[in-house]
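This one's a predicted model, so the numbers in the text were calculated from it and none came from an experiment. Keep in mind that the numbers below use all heavy atoms, side chains included, and drop hydrogens, waters and symmetry copies.
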Amino acid sequence: MEFAFRHHLIDTTLPSGLYAQTALADMDGDGHRVYITGQQYGTIFGYRISTPDDWQRFVLGENSPSDVGGAVLDVDHDGLLDFVTGGAWYRNPGKPLTTYEKIVFDPDLRGIHDVTVADIDGDGRMEVITMSDRNDVRWHKIPEDPRQPWPHTRIGSPVHAGIAVGDLTGNGALDVVRTNVWFENVRGDATEWVEHPLPFPPQATERLTQKFMVNATHATVCDVNGDGHNDIVMIENEMTGGKVMWFENVRGDGSEWVVHNIRLPDDEIRGAYHSLCVGDLDGDGDLDVLSCEMEGIPGEGRPRYFIWENVDGKGAEWREHVIFDGNLGGHATVVGDVTGNGLPDIISKPWHPRPDNAVEGKCFVLFLENLGNA
């Protein structure tokens, strides 16, 4: 399989700052996806596509309370997707290219790196799961009046990054992964959690130059080998020379794990892989893995984008493809069919740009249009 992507620079005029809080969703219900990215503790921008070379930027929200994480869900059940980041949600007004109203649900929740949404208590409604190394791993119940404070329940202690959600025991309840441990949703209603170890391999300590890098990962819960059991794909995301791997859930109940390498570091030290997208990227019915190198924690060469193809469909053989080598790195990359051709496209931006990048050190938004195997 060969991948073909055409690159488009959506924007090179973003105001200076640190950018994260990414999402990609049909916010207006018109079939066109909107890309979202926001400044750390600043302005949140949305981009609405007209054509691959023509995107309309608008201010989605102001005064973000978040560090990195962001997610979309219909908070107030009005049929429109809203945006959640940090301890606030931004209510979708239902008018394209219009600023959303900011509503704070937890004024003390800051420094959020991970935000995800799932029906964690099994009540048929979505909840919000967050992690910050300034507080903990917790889930938030959205009340009937979402303008009121959202009660939260502690799941466990945090690291800087590494939350994923999925059923690891096979009992239908959603559990939570946090790098080197997973938390079992014992009763299925998210009221009781038991911590279990994961065989997270030792890190290259000489590259852990900052405290936040320790045990910092991205993770996704999914069935890598097609055996009907949920596994975990994990990537070291805050250090140079990181590993890409998956953890096989051998018995399907979370009691036994085997680590399989997708990509190990070699003589060339790569930039931090601060993105992880897992899905069928080549249309053959199995799960592939995408990431890219970060400009803010650079490697020895210029940053590139990679797809690791699941060659045998069972996670035993992987083939690396460099899909973009244009000296523009990525951070918190998102994937989705933007053009409507049924193929997954890629949108990314830097945490902060390198002065020697391909756009003269400017901040940017990059769109990689999937052309299939053209």
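Hydrophobic cluster membership is shared by Leu366 and Leu281, with clusters built from Ile, Leu, Val, Met, Phe, Trp and Tyr side chains linked at under 4.5 angstrom. Ile103 and Tyr100 sit in two unconnected hydrophobic clusters of ILVMFWY residues. Membership requires side-chain heavy atoms under 4.5 Å apart, directly or through other members. Cluster annotation: Trp89 and Val117 are assigned to the same hydrophobic cluster (Ile/Leu/Val/Met/Phe/Trp/Tyr, side-chain heavy-atom contacts under 4.5 Å, transitive). Cluster annotation: Val59 is connected to Tyr47 through the hydrophobic network of ILVMFWY side chains, with a link wherever side-chain heavy atoms come within less than 4.5 Å. Val72 and Ile44 fall within the same hydrophobic cluster, where Ile, Leu, Val, Met, Phe, Trp and Tyr residues are linked whenever their side-chain heavy atoms come under 4.5 Å apart, directly or through other members.
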Check the pair Val214 / Val159 against side-chain contact (heavy atoms from CB on, under 4.5 Å), numbers first and verdict last. CA-CA 8 Å; Val214 177; Val159 293; over 6 Å; no
Starting from the C-alpha separation in whole Å, work towards a yes-or-no answer on side-chain contact (heavy atoms from CB on, under 4.5 Å) for Asp231 and Asn225. CA-CA 8 Å; Asp231 311 299; Asn225 57 1; 3.3 Å; yes
Check the pair Trp139, Thr130 against side-chain contact (heavy atoms from CB on, under 4.5 Å), reporting the backbone distance first and the verdict last. CA-CA 6 Å; Trp139 68 274; Thr130 65; over 6 Å; no
Before giving the answer on side-chain contact (heavy atoms from CB on, under 4.5 Å), spell out for Ile120 and Val165 the whole-Å C-alpha distance, their side-chain angles and the decisive distance to 0.1 Å. CA-CA 8 Å; Ile120 199 76; Val165 178; 4.0 Å; yes
Between Phe105 and His140, is the ring pair (Phe, Tyr, Trp, His ring centres under 6.0 Å) condition met? List the steps. CA-CA 9 Å; Phe105 65 83; His140 308 258; 5.4 Å; yes
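With respect to Leu24, the side-chain contact (heavy atoms from CB on, under 4.5 Å) criterion is satisfied by exactly one of Ile36, Val335, Val338: Val338. Considering Asn357, Asp356, Asp325 as possible partners of Arg302, the one that fulfils the side chain to side chain donor-acceptor pair (under 3.5 Å) test is Asp325.
Considering every non-hydrogen atom in both Pro146 and Val75, the closest pair reads CB-CG1, 3.6 Å. Minimum interatomic distance between Thr22 and Ala332 (heavy atoms only, all atoms of both residues): OG1-O, 2.7 Å. For the pair Gly326 and Ala358, the tightest heavy-atom approach, listed with the atom from each and the gap, is O-CB, 3.2 Å. For the residue pair Pro350 and Cys363, the shortest heavy atom distance occurs at CG-SG, 4.0 Å. The two residues Asp26 and Gly31 have their closest heavy-atom pair at OD2-N, 2.8 Å. Heavy atoms only, all atoms of each residue included: Gly86 and Ile112 are closest at CA-CG1, 3.8 Å.
For Asp345 and Arg33, the salt-bridge test fails: no basic side-chain N is under 4.0 Å from an acidic carboxylate O. In this structure, Arg138 pairs ionically with Asp136, as a charged nitrogen and a carboxylate oxygen lie closer than 4.0 Å. Ion pairing between Arg91 and Asp74 fails under the 4.0 Å rule for side-chain N and carboxylate O. With respect to the salt-bridge test (charged N to carboxylate O, under 4.0 angstrom), the residues Arg125 and Glu144 qualify. A salt bridge is defined here as a Lys NZ or Arg NE, NH1 or NH2 lying under 4.0 Å from an Asp or Glu carboxylate O, and Arg354 with Glu360 fails to meet this definition. Lys141 has a carboxylate O that lies under 4.0 Å from a charged side-chain N of Asp123, or vice versa, which qualifies the two as a salt bridge. Looking at Arg270 and Glu320, a side-chain N of the basic residue comes within less than 4.0 Å of a carboxylate O on the acidic one, giving a salt bridge.
For the pair Trp318 and Asp312, the minimum side-chain heavy-atom distance is 4.5 Å or more. Side chains of Phe364 and Glu295 form a contact here, defined as non-hydrogen atoms less than 4.5 Å apart. A heavy-atom distance below 4.5 Å is not found between the side chains of His196 and Val181. The shortest side-chain heavy-atom distance between Pro143 and Trp150 falls under the 4.5 Å cut-off. Looking at Leu14 and Phe45, their side chains come closer than 4.5 Å, going by heavy atoms from C-beta outward. Looking at Leu368 and Ile347, their side chains never come closer than 4.5 Å, going by heavy atoms from C-beta outward. A heavy-atom distance below 4.5 Å is found between the side chains of Lys243 and Pro201. Side chains of Gln39 and Pro15 form a contact here, defined as non-hydrogen atoms less than 4.5 Å apart.
Asp133 places no side-chain N or O within 3.5 Å of a backbone atom of Pro158 that could act as its donor or acceptor partner. Without hydrogens or angle criteria, Asp114 side chain to Met131 main chain gives no donor-acceptor distance under 3.5 Å. Side chain of Asn180 to backbone of Leu198: no donor-acceptor contact under 3.5 angstrom is found. No donor-acceptor pair closer than 3.5 Å links the side chain of Asn261 to the backbone N or O of Met245. In this structure, Asp121 contributes its side chain and Ala190 its backbone to no donor-acceptor pair below 3.5 Å. Asp266 contributes no side-chain N or O that, together with a main-chain N or O of Ile269, makes up a donor-acceptor pair within less than 3.5 Å. Put simply, the side chain of Gln203 gets close to the backbone of Asn215: a donor and an acceptor are under 3.5 Å apart. Ser132 places a side-chain N or O within donor-acceptor distance of the main-chain N or O of Gly111, the cut-off being under 3.5 Å. With Asn249 contributing its side chain and Gly254 its backbone, the two residues share a donor-acceptor pair below 3.5 Å. In this structure, the side chain of Asn92 engages the main chain of Met27 through a donor-acceptor pair within 3.5 Å.
With values rounded to the nearest 0.5 angstrom, Arg263 atom CZ is found 10.5 Å from Ile235 atom CD1. A distance of 4.5 Å separates NZ of Lys362 from OG1 of Thr12, quoted to the nearest 0.5 Å. One distance of note links CG of Leu276 with OG of Ser291; it measures 6.5 Å at 0.5 Å rounding. Taking CG of Asp284 as the reference point, atom CG of Asn310 lies at 7.5 Å (rounded to 0.5 Å). Between Asp286 atom CG and Cys222 atom SG the span is 11.0 Å, to the nearest 0.5 Å. One distance of note links CD of Glu300 with CG of Asp267; it measures 9.0 Å at 0.5 Å rounding.
Side-chain contact check for Gln21 and Ser66: no donor-acceptor pair (N or O, by modelled atom type) lies under 3.5 Å. Between Asn171 and Thr169, the side chains place a donor N or O and an acceptor N or O closer than 3.5 Å (distance only, hydrogens not considered).
Around the CD atom of Glu206, the shell of radius 6.0 Å holds more than 12 heavy atoms that belong to other residues, nucleotides or ligands. Under a cut-off of 6.0 angstrom, the local environment of CZ in Arg154 is crowded, with over 12 non-hydrogen atoms contributed by other residues, nucleotides or ligands.
For Trp55 and Tyr35, the gap between ring centers reaches or exceeds 6.0 Å.
Using cut-offs of 30° and 60° on the angle between ring planes, the pair Phe200 and Phe247 is tilted. Using the six-membered ring where Trp is involved, Phe3 and His321 have ring planes that are perpendicular, over 60° apart on the 30 and 60° scheme.
Among residue pairs with one or both ends in residues 259-316, those qualifying as ring pair (Phe, Tyr, Trp, His ring centres under 6.0 Å) are His113-His274, His218-His274, Trp246-His260, Tyr273-Trp308, His274-His331, Tyr305-Phe324, Phe306-Trp308; sequence neighbours excluded.
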